[in-house]
**Q** 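Just passing along the structure, written as structure tokens.
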2 protein chains.
Amino acid sequence: MDNKRELFQVLTRRFGLLNKNCCSVGAIDISSVQSHILYEIDKQTSPSMQQIADTIAMDITTFSRQIQTLIKMELVKKTPSSTDKRVFILSLTVQGKFVATTIDESMNAYLEEVFSHMNEFEKETVIRSIKLLNQAMSKSSVCCTPLL
Amino acid sequence: MDNKRELFQVLTRRFGLLNKNCCSVGAIDISSVQSHILYEIDKQTSPSMQQIADTIAMDITTFSRQIQTLIKMELVKKTPSSTDKRVFILSLTVQGKFVATTIDESMNAYLEEVFSHMNEFEKETVIRSIKLLNQAMSKSSVCCTPLL
DNA sequence: CCACTTACTTGCAATGTGCAACAAATAACT
DNA sequence: AGTTATTTGTTGCACATTGCAAGTAAGTGG
């Protein structure tokens, strides 16, 4: 019966803030979009450009340019595929891996801090709920067509 | 013990998508930022520019320009305050109110659809969890300094 | 061999953004 | 009152992000 929109509006806003702050590692400053890109490259195995762009639901042209930036920053590497000459395989450089890991750690630290305001039972409930929510959203027909 | 980052990464991404889609009403097309602005103007009572900008944690200069756009679109009105001549009070025009309401409805409809994939118990748990999460985040010292 | 699709890149053009610098009004102090 | 500091909001840059249209190069299917 609650106003769901209200709840989600606030939640979204906070997430936005979180994502904005969280993304400087030492002298390196990256945007939240770029952080998502690093995250996915790290997670997937030998992904092509298309694959990552699709996962993040990002226009391929914008994505192409973001990758160019990340390459200039020496965080990402582009290797031509051996089987298909149109395709480039993305991977993280050592520095890129370091940045991705650092961001991951600081995000997790932040989340731990947030969860520290709850008791054990609440923690588990919230985690389980978010899983449920993710599942429900993936089943939904309305939004989020660009998969994942 | 789960990887919290993973869960939140996906959730954030979905929310982003949701926010992107949801914002055209008839011939009127607004950005998700603008939708947040309309939402807050509607919610607060006789808010000043600063107030809204703070709530959304948005730079006042960017905000000022967004308001100019929304005024041109005839969705928002700016009235000089009678008590403080520096201040402008924001309000929605009839059309603005209509747009805000329509977006609210379609968002709620979408959320209903998402929740329809859960049983009653799950629904309540998830809602309660999001409230908990919001509370915890507001208590957190790490992020989200820009209030709310 | 020709048409079609796929993967990626580049050229605009529009928009969003933040910092620095500004004017105007108000508050705060002496 | 009079001077100074603060607050509110607006511009002028400069730069990042974005998407569509168009293009190249490579693979696929008749």
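Labels below follow one simple rule: chain letters A, B, ... track the order of the sequence lines, proteins then strands, and each chain is numbered from 1.
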**Q** For a quick check of understanding: with a heavy-atom distance under 4.0 Å over all strands, which category does A:F88 fall into, base, sugar-phosphate or nothing?
**A** sugar-phosphate
**Q** From CD of B:Q68 over to P of C:dG16, roughly how many Å is that when rounded to an integer?
**A** 12 Å
**Q** Want to settle it: does A:R65 or A:V87 sit nearer the 5' end of DNA chain C, counting the closest nucleotide to each?
**A** A:V87
**Q** For B:T69, which contact category applies under a 4.0 Å heavy-atom criterion: base, sugar-phosphate, or nothing?
**A** nothing
**Q** If only side-chain N and O atoms count, and only distance matters, is there a donor-acceptor pair under 3.5 Å linking A:Y110 with A:E105?
**A** no
**Q** Any ion pair linking B:R5 and A:E112 (charged N to carboxylate O, less than 4.0 Å)?
**A** no
**Q** Quick check on D:dG19: is either OP1 or OP2 less than 4.0 Å from any side-chain nitrogen or oxygen of A:T62?
**A** yes
**Q** Roughly, in whole Å, what's the span from CG in A:L70 to P in C:dT9?
**A** 13 Å
**Q** Is it true that A:T55 and A:Q44 share a donor-acceptor pair across their side chains at a distance under 3.5 Å?
**A** yes
**Q** Given that B:S31 and A:I67 both sit by DNA chain C, which one's nearest nucleotide is further toward the 5' end?
**A** A:I67
**Q** Nearest whole angstrom, please: distance from the C1' of C:dT9 to the CD1 of A:I71.
**A** 12 Å
**Q** Can any side-chain N or O of A:Q34 pair as donor or acceptor with the backbone N or O of A:S31 at less than 3.5 Å?
**A** yes
**Q** Look at atom NZ of B:K77 and say whether more than 12 heavy atoms of other residues, nucleotides or ligands are closer to it than 6.0 Å.
**A** no
**Q** When the distance from CD1 of B:I56 to C1' of C:dG18 is rounded to whole Å, what number comes out?
**A** 17 Å
**Q** With 3.5 Å as the limit, what N/O pairs link the protein to nucleotides 25-29 of chain C?
**A**
unit_1, atom_1, unit_2, atom_2, d
C:dT26, OP1, B:K85, N, 3.0

**Q** Quick one: the side chain of A:T61 and the base of C:dC8, do they pair up donor-acceptor inside 3.5 Å?
**A** no
**Q** Would you mind reading off the distance between A:I60 atom CD1 and C:dT5 atom P, rounded to a whole angstrom?
**A** 19 Å
**Q** Does A:F88 have A:K78 sitting over its ring (NZ/CZ under 6.0 Å from centre, angle to axis within 45°)?
**A** yes
**Q** If only side-chain N and O atoms of B:S64 are considered, is one of them under 4.0 Å from the OP1 or OP2 phosphate oxygen of D:dG9?
**A** no
**Q** Please determine if a side-chain N or O atom of B:K78 lies less than 4.0 Å away from the OP1 or OP2 oxygen of D:dT10.
**A** yes
**Q** Please tell me which of A:D59 and B:M49 maps to the more 5' nucleotide of DNA chain D, matching each residue to the nucleotide holding its nearest heavy atom.
**A** B:M49
**Q** How many Å lie between NE2 on A:H36 and P on D:dT17, as a whole number?
**A** 14 Å
**Q** For the residue pair A:H117 and B:Q135, confirm or rule out a side-chain donor-acceptor distance under 3.5 Å.
**A** no
**Q** Does D:dT8 have OP1 or OP2 under 4.0 Å away from a side-chain N or O of B:Q51?
**A** no
**Q** In whole angstroms, how far is the P atom of D:dT10 from the NZ atom of B:K72?
**A** 12 Å
**Q** Could you state the CZ-P distance from A:F63 to C:dT6, rounded to the nearest angstrom?
**A** 19 Å
**Q** Does a nitrogen or oxygen in the side chain of B:Q66 sit under 4.0 Å from OP1 or OP2 of C:dT17?
**A** yes
**Q** Which pair of heavy atoms, one from B:A100 and one from B:L38, lies closest together, and at what distance?
**A** CB-CB, 4.4 Å
**Q** Is any side-chain nitrogen or oxygen of A:Q50 closer than 4.0 Å to OP1 or OP2 of C:dT6?
**A** no
